[in-house]
K.L.:
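Structure provided below as structure tokens; questions to follow.
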There are 2 protein chains.
Amino acid sequence: MGTALAEMTMPQISPLGGEPIERADAERLAGVLKALADPARLRLLSLIQSAPEGEACVCDLTAPLGLSQPTVSHHLRILTEAGLLEREKRGVWAYYRLVPTAIATIADLLTPPRKRAGKKAR
Amino acid sequence: MGTALAEMTMPQISPLGGEPIERADAERLAGVLKALADPARLRLLSLIQSAPEGEACVCDLTAPLGLSQPTVSHHLRILTEAGLLEREKRGVWAYYRLVPTAIATIADLLTPPRKRAGKKAR
DNA sequence: CAGCAGCATTGACTCGCCTGCATATCGGCG
DNA sequence: CGCCGATATGCAGGCGAGTCAATGCTGCTG
């Protein structure tokens, strides 16, 4: 039940900030990034995000991607387990939508030097 | 040529912003993210960034990672070709350092809904 | 000049991932 | 109640990726 993203935002790790990153933290962050690092999945996120209600079902996504339905379901599963998508089944259809701040969280994890509290000063 | 990052920041693609992402853009962005989506490479970036002068040579990185020297060189090559690291050879040593705004650029590519009209009021 | 230290490259092995086909499951409809 | 449509899951093939041992290359150094 992972939503791997949630598991790593809790302890508030600082990936590329100050101290060298820990092995376990690196693996968690890499896991989430690995979910993003795929053309099909990036397009899925983009398609869902730009859909009418911000949501889309599998049948709407297979055609634009040019991939088979099982393959699309597979990618959606990867994204969901990574904590980037949430699934809601209404009737026969399964609607997917972006987890609100998920991607922004990843972006923040990559850019820690944005703050300037207590600078080292030369 | 390389520095895949530069090739995609030039045309100013909009990854997860408005219109559905194009296939070519998705593949470019996925390529850069794939370079990041590895525990060893994340740790390399972290180690280099937190090194004394913000730079480090291969011999300083093999031990903390617990990987062989060829493997470390391999990862450094991946990161360099992705545009995340820059290499400078001084004498026998090869010093690597982060490309200043590279990672921040990736983060920006992931967060389009953020206002970018004026200053960043953060 | 010969030897050595630091890195990069090659080859080989293994493992994981993307994809499609076939099949199972679930919900609605006639 | 049985059929059909929408998804999910299992299985298998193929390709790319991570790792290491061995080797080549370059620039100090004695």
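Computed from a predicted model, the values in this text were never measured in an experiment. Here is how names work: the chains are called A, B, and so on, in the same order as the sequence lines, proteins then strands, and each is numbered from 1.
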K.L.:
Provide, to the nearest angstrom, the distance between the CG atom belonging to A:L44 and the P atom belonging to D:dT7.
P.N.:
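Answer to the nearest Å: 13 Å.
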K.L.:
Figure out the CD/P separation between A:E27 and D:dG18, and round it to whole Å.
P.N.:
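It is 14 Å, rounded to the nearest whole Å.
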K.L.:
Ignoring backbone atoms, establish whether A:R77 has a side-chain N or O less than 4.0 Å from OP1 or OP2 of D:dT9.
P.N.:
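Yes, within the criterion.
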K.L.:
Does A:S50 reach the main-chain N or O of A:S46 with its side chain, forming a donor-acceptor pair under 3.5 Å?
P.N.:
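Yes: the side chain of A:S50 pairs with the backbone of A:S46.
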K.L.:
With heavy atoms of chain A within less than 4.0 Å as the criterion, where does contact along DNA chain C begin and end?
P.N.:
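Boundary nucleotides touching chain A, in 5' to 3' order, are C:dC18 to C:dG28.
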K.L.:
Of the residues in residues 63-76 of chain B, which ones touch DNA chain C at a heavy-atom distance under 4.0 Å?
P.N.:
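Within residues 63-76 of chain B, the residues near DNA chain C are B:Q69, B:P70, B:S73.
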K.L.:
Could you check whether any side-chain heavy atom of A:V58 comes within less than 4.5 Å of a side-chain heavy atom of A:Q69, counting everything from C-beta outward?
P.N.:
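A side-chain contact exists here, since the closest heavy-atom pair is under 4.5 Å.
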K.L.:
Extract all donor-acceptor atom pairs below 3.5 Å that involve side chains of residues 90-97 of chain B and protein atoms in other chains or at least two apart in sequence.
P.N.:
| residue | atom | partner | partner atom | Å |
| --- | --- | --- | --- | --- |
| B:R90 | NH1 | B:E88 | OE1 | 3.1 |
| B:R90 | NH2 | B:E55 | OE2 | 2.7 |
| B:R97 | NH2 | B:E55 | OE1 | 2.4 |

K.L.:
Not counting sequence neighbours, list each pair that qualifies as a salt bridge (Lys or Arg N to Asp or Glu O under 4.0 Å) and has a residue in residues 69-80 of chain B.
P.N.:
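Output for this query lists B:R77-B:E81.
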K.L.:
Looking only at non-hydrogen atoms, find the nearest pair between B:A104 and A:T111 and report the distance.
P.N.:
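Distance-wise, the nearest heavy atoms are CA-CG2, 3.8 Å.
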K.L.:
Using a strict heavy-atom distance below 4.0 Å, which residues from residues 87-99 of chain A are in contact with DNA chain D?
P.N.:
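Correct list: A:R87, A:V92, A:W93, A:A94, A:Y96.
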K.L.:
When the distance from NZ of B:K34 to P of D:dC15 is rounded to whole Å, what number comes out?
P.N.:
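Those two atoms, NZ and P, are 16 Å apart.
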K.L.:
Are A:L110 and B:I103 packed together at the side-chain level, in the sense that at least one heavy-atom pair is separated by less than 4.5 angstrom?
P.N.:
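Side-chain contact under 4.5 Å: yes.
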K.L.:
Is there side-chain contact between A:L85 and A:I48, with at least one heavy-atom pair below 4.5 Å?
P.N.:
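The answer is yes, as the side chains (C-beta and beyond) meet within the 4.5 Å cut-off.
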K.L.:
Any side-chain heavy atom of B:L67 within less than 4.5 Å of one from B:L61?
P.N.:
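In short, these two side chains do not touch, never coming nearer than 4.5 Å.
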K.L.:
Which pairs, with at least one residue in residues 41-54 of chain A and sequence neighbours excluded, count as a salt bridge (Lys or Arg N to Asp or Glu O under 4.0 Å)?
P.N.:
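Residue pairs with at least one partner in residues 41-54 of chain A: there are none.
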K.L.:
If you compare all heavy atoms of B:D38 against all heavy atoms of B:H75, which two are closest, and at what distance to 0.1 Å?
P.N.:
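So the minimum-distance heavy-atom pair works out to OD1-CE1, 3.8 Å.
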